[in-house]
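Because the structure is predicted, anything quoted here is derived from the model rather than measured. The chains referred to below are lettered A, B, ... by the order of the sequence lines, with proteins before strands, and numbering in each begins at 1.
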There are 2 protein chains.
Amino acid sequence: MAETVTVEMVAHEARVSTATVSRIINGSGKVSARRRKQVMDAIEKLGYRPNLLAQSLARGQSMNVGVLTQDMASPFFGQMHQGIEQGFQGSGYHPIFVSEEWQDDKQHAALEVLLSRRVDALIVLGGYIEDDVLLELSGQLPLVTVGREVKGLEGSLSLDNEQGGYLATRHLLDLGHRQIACLAGPDTHYDAVDRMAGYLRAFQESDVPLQRDLVIDALFSEEGGVRATERLLKSGKHFTAVFACNDQSAIGAQLALQRHGKRIPQDVSVVGFDDLPSSAFVYPPLTTVRQSAKLLGQAAAAAVICKLEGKTFAPSRLELKLMVRESTGPVSHMPTHTSIPQQVEQQVAGSSRPRKVRLRMG
Amino acid sequence: MAETVTVEMVAHEARVSTATVSRIINGSGKVSARRRKQVMDAIEKLGYRPNLLAQSLARGQSMNVGVLTQDMASPFFGQMHQGIEQGFQGSGYHPIFVSEEWQDDKQHAALEVLLSRRVDALIVLGGYIEDDVLLELSGQLPLVTVGREVKGLEGSLSLDNEQGGYLATRHLLDLGHRQIACLAGPDTHYDAVDRMAGYLRAFQESDVPLQRDLVIDALFSEEGGVRATERLLKSGKHFTAVFACNDQSAIGAQLALQRHGKRIPQDVSVVGFDDLPSSAFVYPPLTTVRQSAKLLGQAAAAAVICKLEGKTFAPSRLELKLMVRESTGPVSHMPTHTSIPQQVEQQVAGSSRPRKVRLRMG
DNA sequence: CTGTTAGCGCTTTCAA
DNA sequence: TTGAAAGCGCTAACAG
């Protein structure tokens, strides 16, 4: 601990007051060139490094932004984290991550970790914390939520998941599919619910009847995707395509399908949602709705910085678009499950163009 | 800011001194039950929450541990991060992540972020920071490195990557493969180099001649795996198996192989390294060397806590084992590339049993 | 057991 | 421009 160099030591070495040293460090106030040099030299010589903790206490600003996240290991959240970190790059602020791991009982503790560290702002990535808690919190510090809307709170960032679900389903419909299974995510996830809503709308807008029994829970995980698909397969229900509400479950679906001898996309088409970095490399490369989690993260950081500096945030438009790859194709005329011949109505594929999607900001 | 409740206010409310409040908060010193209740009530009533920044300054401990990482979005690092966070759970310490993204120029800034925040200890996950810098740092605070050895520094945590590479290759050799391609990682990654060393040793120990031209760079990424495999395929060189030095490149290899009409494992076997969460769900499920990044992270946290508390760390043994799944199988007697008939010598598969591997701790 | 009183390292009036 | 001094919120001797 003899290592600790303080302003006082620097001031002494440079034969000036601590106030002067402080001014130089922070670039506040005017200081003569001569003193500046003296101080810089002293800093150099002593190897001084400002103690951010002390600065924080004195200034009442920690320069830290809390990020309440769900899963440090998830490929999707990981991208958001990366975006957030990059977004704060060079701003002086730094994100502090704490994950509640989708557990009710961890939220409070997680929040406590952040609050006791006096974070200057909060970014909330999904999660179960009650809206009113968030709302109250937002009265105390800048708060930005991602992937969930909080009524009465301005500053929630999210993509139009409903539209994404619509895009994906519409793509399948346009390819002539009529029996489209849906691997739903947990209904506690806002995203999951919205995506499925898009799936429903696509059917409503078409003349294709929706088969409710083709909608099945898959938990947003690979494992869940496998299980759900196997259940579907075993049930003997006929389907020629599946829309998985996230890429992880889509990959699980692909595995289950292929294991049961189904060819993708000849026998069954699959479309996912997220466009994880690895989704372009699975076999076959997955058609999916791209939402750039990284950009979302960057936008969140930008929003926070704006709020912190009292500026208004001009939401940049984040694109949500369908990446058509090799896991989807036109419906086959050969039914795979039942022997009932089908009427196939091939629609114009071009009609499912990707659309730009607005980024909702309160 | 009228929100800020301080010890002083609590003390006043409870009609005691700040020292007493402090004692209660920290459980230090003896306090009568009556005062304790008074104080607890006051804390409750005022909604007091200790300011960790102030505590840190006063105690000279930030309760934060810096984690110098490489990639917030990588599935592999993500797992380590998760393990680290879990490892600190309940210890009062919290990890602060900052990633240098494998960039030379970011290291210094990254370290600065941590040091100015006065972290109590440092966990270094790979990276390019010079050994001597690390060594000097370790003189100032507890320092644990993961995935890289620093000479002269006691407290580096790593799995026996060499052994893992050996295990993987040996498995292939045991299945009768003789032409085994190796998709190498960047030679700047310690892990990558060690894994390949294991590949080499497996050949040396067998009577199978090593074909140097079957070793090719794949950059540890899916994209790199695809490219490398395609180069291999185009070169016309004969091979019946590939050992990819990480799962990401293995998945890329699988894609390239399947796109070129190769069946896995009938035509070509593939084995990876890492056992990422998704590796069991790609098609076909990947045979790979499991190294539990999460456990590694937990171990790192545990090591740090021990050092911080002056205890000696009893390294728990982390298992490194081969997960045999569906991407590997016995060599086929039908050569796929050349028309030269081969001698196939099927060895006893059982001889490549997984071995426990020591966790190296200085 | 409990209160007084110095700091921890830095910023920021307020005067000079 | 510059310096003196009063905190920021909390802890930790040191006396009682």
Side-chain angles (χ1 to χ4, degrees), chain A residues 1-40 42-43 46-64 92 112 115-120 140, chain B residues 1-40 42-43 46-64 92 112 115-120 140:
Chain A
M1 273 302 172
E3 242 359 297
T4 328
V5 184
T6 69
V7 252
E8 207 153 3
M9 297 167 69
V10 174
H12 183 84
E13 173 75 25
R15 320 196 146 282
V16 298
S17 72
T18 61
T20 301
V21 176
S22 175
R23 287 188 186 102
I24 291 179
I25 293 170
N26 304 296
S28 56
K30 314 261 158 229
V31 182
S32 71
R34 195 165 58 80
R35 309 246 177 198
R36 160 162 280 113
K37 181 165 170 20
Q38 286 172 48
V39 173
M40 293 308 268
I43 287 179
L46 268 33
Y48 171 71
R49 189 196 331 270
N51 182 333
L52 194 51
L53 260 38
Q55 292 187 141
S56 299
L57 188 59
R59 281 205 277 241
Q61 270 207 310
S62 69
M63 300 312 280
N64 284 142
E112 208 57 34
L115 261 20
S116 68
R117 277 172 176 72
R118 294 298 190 265
V119 292
D120 295 329
Q140 327 208 116
Chain B
M1 273 303 172
E3 239 4 293
T4 329
V5 184
T6 70
V7 252
E8 209 153 2
M9 297 166 70
V10 174
H12 184 82
E13 174 75 23
R15 319 196 148 284
V16 298
S17 72
T18 62
T20 300
V21 176
S22 175
R23 285 188 187 103
I24 291 178
I25 293 169
N26 305 296
S28 56
K30 315 260 159 226
V31 183
S32 71
R34 196 165 56 81
R35 309 244 177 199
R36 160 161 280 114
K37 180 164 174 18
Q38 286 172 49
V39 174
M40 293 309 266
I43 287 179
L46 268 34
Y48 171 70
R49 190 196 331 271
N51 181 334
L52 194 51
L53 260 38
Q55 292 187 140
S56 298
L57 188 59
R59 279 204 279 243
Q61 271 208 309
S62 68
M63 300 312 279
N64 285 142
E112 208 58 34
L115 261 20
S116 68
R117 277 173 176 72
R118 293 298 190 268
V119 292
D120 295 330
Q140 325 206 120

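Distances from the side chain of Thr6(B) to the nucleotides dA13(D), dG9(D), dC10(C) place dG9(D) closest. The side chain of Tyr48(B) has dC10(D) as its nearest neighbour among dC10(D), dT2(C), dG3(D). Of all nucleotides listed (dT5(C), dT11(C), dC10(D)), dT11(C) comes nearest to the side chain of Arg59(A).
Summarising the geometry, the separation between CD1 on Ile25(B) and P on dC10(D) is reported as 7 Å, rounded to the nearest angstrom. Nucleotide dG9(C) holds its P atom 18 Å from the CZ atom of Arg117(B), rounded to whole Å. Here dC8(D) presents its P atom at 21 Å from CE of Met63(A), a figure rounded to the nearest Å. Note: CG (Leu52(A)) to C1' (dC8(D)) measures 14 Å, nearest angstrom. With rounding to whole Å, Gln61(A) atom CD is found 21 Å from dG9(C) atom P. If you measure from atom CG of Leu57(B) to atom P of dA6(C), you get 18 Å, rounded to the nearest angstrom. Counting to the nearest Å, the P atom of dC8(D) and the CZ atom of Arg49(B) are 20 Å from each other. Nucleotide dC1(C) holds its P atom 19 Å from the NZ atom of Lys37(B), rounded to whole Å.
Looking at Arg23(B), its side chain comes within 3.5 Å of the base of dG3(C) through a donor and an acceptor atom.
The phosphate of dT2(C) has OP1 or OP2 within less than 4.0 Å of a side-chain N or O from Ser32(B). For dC8(C), neither phosphate oxygen OP1 nor OP2 lies less than 4.0 angstrom from any side-chain nitrogen or oxygen of Asn51(A). One finds no side-chain N or O of Thr20(B) lying less than 4.0 angstrom from the OP1 or OP2 phosphate oxygen of dT2(C).
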Query - Verdict with supporting geometry, Arg117(B) and Asn64(B), side chain to side chain contact (heavy atoms under 4.5 Å, CB included) - result: CA-CA 8 Å; Arg117(B) 277 173 176 72; Asn64(B) 285 142; 5.9 Å; no
Requested in this report: List the steps and the verdict of side chain to side chain contact (heavy atoms under 4.5 Å, CB included) for Arg36(B) and Arg23(B).
Outcome: CA-CA 9 Å; Arg36(B) 160 161 280 114; Arg23(B) 285 188 187 103; over 6 Å; no
Report task. Tell me, with the steps shown, if Glu8(B) and His12(B) meet side chain to side chain contact (heavy atoms under 4.5 Å, CB included). Result -> CA-CA 6 Å; Glu8(B) 209 153 2; His12(B) 184 82; over 6 Å; no
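Within 4.0 Å of Arg35(A), counting heavy atoms only, lie sugar-phosphate atoms of the nucleic acid but no base atom. Nucleic acid contact class of Val16(A) (heavy atoms, under 4.0 Å, all strands): sugar-phosphate only.
Two residues, Thr18(A) and Lys30(A), neighbour DNA chain D, and the one matched to the more 5' nucleotide by heavy-atom proximity is Lys30(A). Both Ala54(A) and Val31(B) lie close to DNA chain C; mapped to their nearest nucleotides by heavy-atom distance, the more 5′-ward contact belongs to Val31(B). With DNA chain C read from its 5' end, the first of the two nearest nucleotides for Arg36(B) and Ala58(B) is the one closest to Arg36(B).
Judged by distance alone, with hydrogens and angles left aside, the side-chain atoms of Ser116(B) form no donor-acceptor pair with the main-chain N or O of Asn51(A) at under 3.5 Å.
When each of Thr20(B), Asn26(B), Thr18(B) is checked for a side chain to side chain donor-acceptor pair (under 3.5 Å) with Ser22(B), only Asn26(B) meets the rule.
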